[in-house]
Amino acid sequence: MGSSGINAEYMGQLPPEKIAPLLDAHSLLIFTGKRRIAKDILQTVVNRWSRRAPRLAQCFDELVENANDIASAVEAGDLARFGRCYSLYDAQKGEISGALTEVDQAIRTKLKEHCHGMSICGAGGGGFMMAILKKRLDDEAMNSLRWLLQDEIREHGVTLHKVQVDLEGLSVQPTAE
């Protein structure tokens, strides 16, 4: 595929059996204490895309390639590869939409050697970041990470959370009136 457009193909649901337990054991959700204002980001990206800005078109091609790589990592249950793809996705997303806050950069610097990868969640407006840790996130590891990030916790309101992959998804049930 060239940079003239993006083709999407439905691949079906990826089998979570191998990667989900690893993600449950190694994922750290971080509230950075800083919400980002996504003002004008969508308009800027759409304008750049409509002009076929060469670097933006190349970045979208690279996003598709990385999505295929991360799908392979999920199928193989390869957490290290998943983390590398996740960090690459974050860099690609950042190239499209903008810079990180000071606290984001401080967290990344302090956690880098402890992670396979990390990324801002979604467009970043909610202020959350996910880290894929090299070691299991047990109570001792969580305490060590809190100690490592104590300045960010005190000064910026950073909070750390264990997470679990939801294999069922959201279910909405009507209530009787």
Side-chain angles (χ1 to χ4, degrees), residues 1-20 22-24 26-134 161 163 165-170:
M1 181 190 76
S3 59
S4 60
I6 294 177
N7 298 319
E9 177 183 329
Y10 177 70
M11 296 173 45
Q13 185 176 355
L14 293 172
E17 303 85 31
K18 293 179 183 175
I19 199 78
L22 294 171
L23 289 172
D24 287 349
H26 295 265
S27 294
L28 174 68
L29 182 66
I30 305 160
F31 176 65
T32 65
K34 299 288 181 188
R35 293 190 171 144
R36 291 150 201 82
I37 300 174
K39 184 171 107 179
D40 301 325
I41 290 176
L42 180 58
Q43 182 178 3
T44 301
V45 172
V46 169
N47 285 339
R48 289 173 60 201
W49 178 253
S50 67
R51 289 192 317 267
R52 295 293 192 256
R55 180 59 197 130
L56 184 66
Q58 180 184 357
C59 191
F60 275 98
D61 288 342
E62 292 166 0
L63 278 163
V64 171
E65 183 179 328
N66 190 40
N68 289 326
D69 288 346
I70 204 166
S72 295
V74 167
E75 289 173 344
D78 186 339
L79 191 66
R81 184 172 168 204
F82 180 93
R84 286 190 303 272
C85 291
Y86 194 54
S87 284
L88 177 57
Y89 166 69
D90 185 63
Q92 292 165 330
K93 200 167 45 164
E95 188 170 337
I96 291 169
S97 63
L100 300 172
T101 66
E102 250 180 65
V103 71
D104 292 339
Q105 292 170 341
I107 291 169
R108 287 166 187 269
T109 300
K110 289 183 177 183
L111 292 184
K112 185 174 182 166
E113 70 182 57
H114 302 280
C115 295
H116 288 301
M118 60 186 100
S119 177
I120 296 295
C121 297
F128 284 91
M129 175 187 292
M130 178 76 83
I132 309 301
L133 302 172
K134 293 177 181 176
H161 309 273
V163 295
V165 175
D166 180 0
L167 297 176
E168 296 179 25
L170 181 64

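Worth knowing before you read on, the calculation uses all heavy atoms, side chains too, and leaves out hydrogens, waters and symmetry mates. Keep in mind that this is a model prediction, so the values were computed, not measured.
Between V163 and S27, the closest heavy-atom pair is CG2-CB, 3.5 Å. The nearest pair of heavy atoms linking Y86 to G117 is CD2-C, 4.4 Å. Heavy-atom minimum distance, N66 versus C85: ND2-O, 2.9 Å.
Judged by distance alone, with hydrogens and angles left aside, the side-chain atoms of K18 form no donor-acceptor pair with the main-chain N or O of V74 at under 3.5 Å. Looking at S87, its side chain does come within 3.5 Å of a backbone N or O of M118 through a donor-acceptor pair. Put simply, the side chain of D104 gets close to the backbone of T101: a donor and an acceptor are under 3.5 Å apart. Within the 3.5 Å criterion, the main-chain N or O of I120 finds a donor-acceptor partner in the side chain of K93.
Inter-residue side-chain proximity for L28 and M130 is flagged as unmet; no heavy-atom pair is nearer than 4.5 Å. A heavy-atom distance below 4.5 Å is not found between the side chains of Y89 and I70. You'll find the side chain of D69 reaches within 4.5 Å of the side chain of R81, heavy atoms only. Using a 4.5 Å heavy-atom threshold, the side chains of I30 and L111 count as touching.
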Check against side chain to side chain contact (heavy atoms under 4.5 Å, CB included), L29 and F128: CA-CA 7 Å; L29 182 66; F128 284 91; 3.8 Å; yes
Residues I107, M129; criterion side chain to side chain contact (heavy atoms under 4.5 Å, CB included); working and verdict: CA-CA 9 Å; I107 291 169; M129 175 187 292; 3.8 Å; yes
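Among residues two or more places apart in sequence or in another chain, the side chain to side chain donor-acceptor pair (under 3.5 Å) test is passed with K112 by none. Looking at residues two or more places apart in sequence or on another chain, you find a side chain to side chain donor-acceptor pair (under 3.5 Å) between E62 and R55, Q58. Annotation: side chain to side chain donor-acceptor pair (under 3.5 Å) contacts of D90 (sequence neighbours excluded): R108, S119. Remark: V165 pairs with A20, L23, D24, L167 by the side-chain contact (heavy atoms from CB on, under 4.5 Å) rule, at least two apart or across chains. Residues forming a side-chain contact (heavy atoms from CB on, under 4.5 Å) with H114 (at least two apart in sequence, or on another chain): L148. Here E65 pairs with nothing under the salt bridge (charged side-chain N to carboxylate O under 4.0 Å, His left out) rule; sequence neighbours left out.
Here the CG atom belonging to L63 is positioned 9.0 Å from the CD atom belonging to E95, to the nearest 0.5 angstrom. In this structure, the separation between CD1 on I19 and CG on D78 is 7.0 Å, given to the nearest 0.5 Å.
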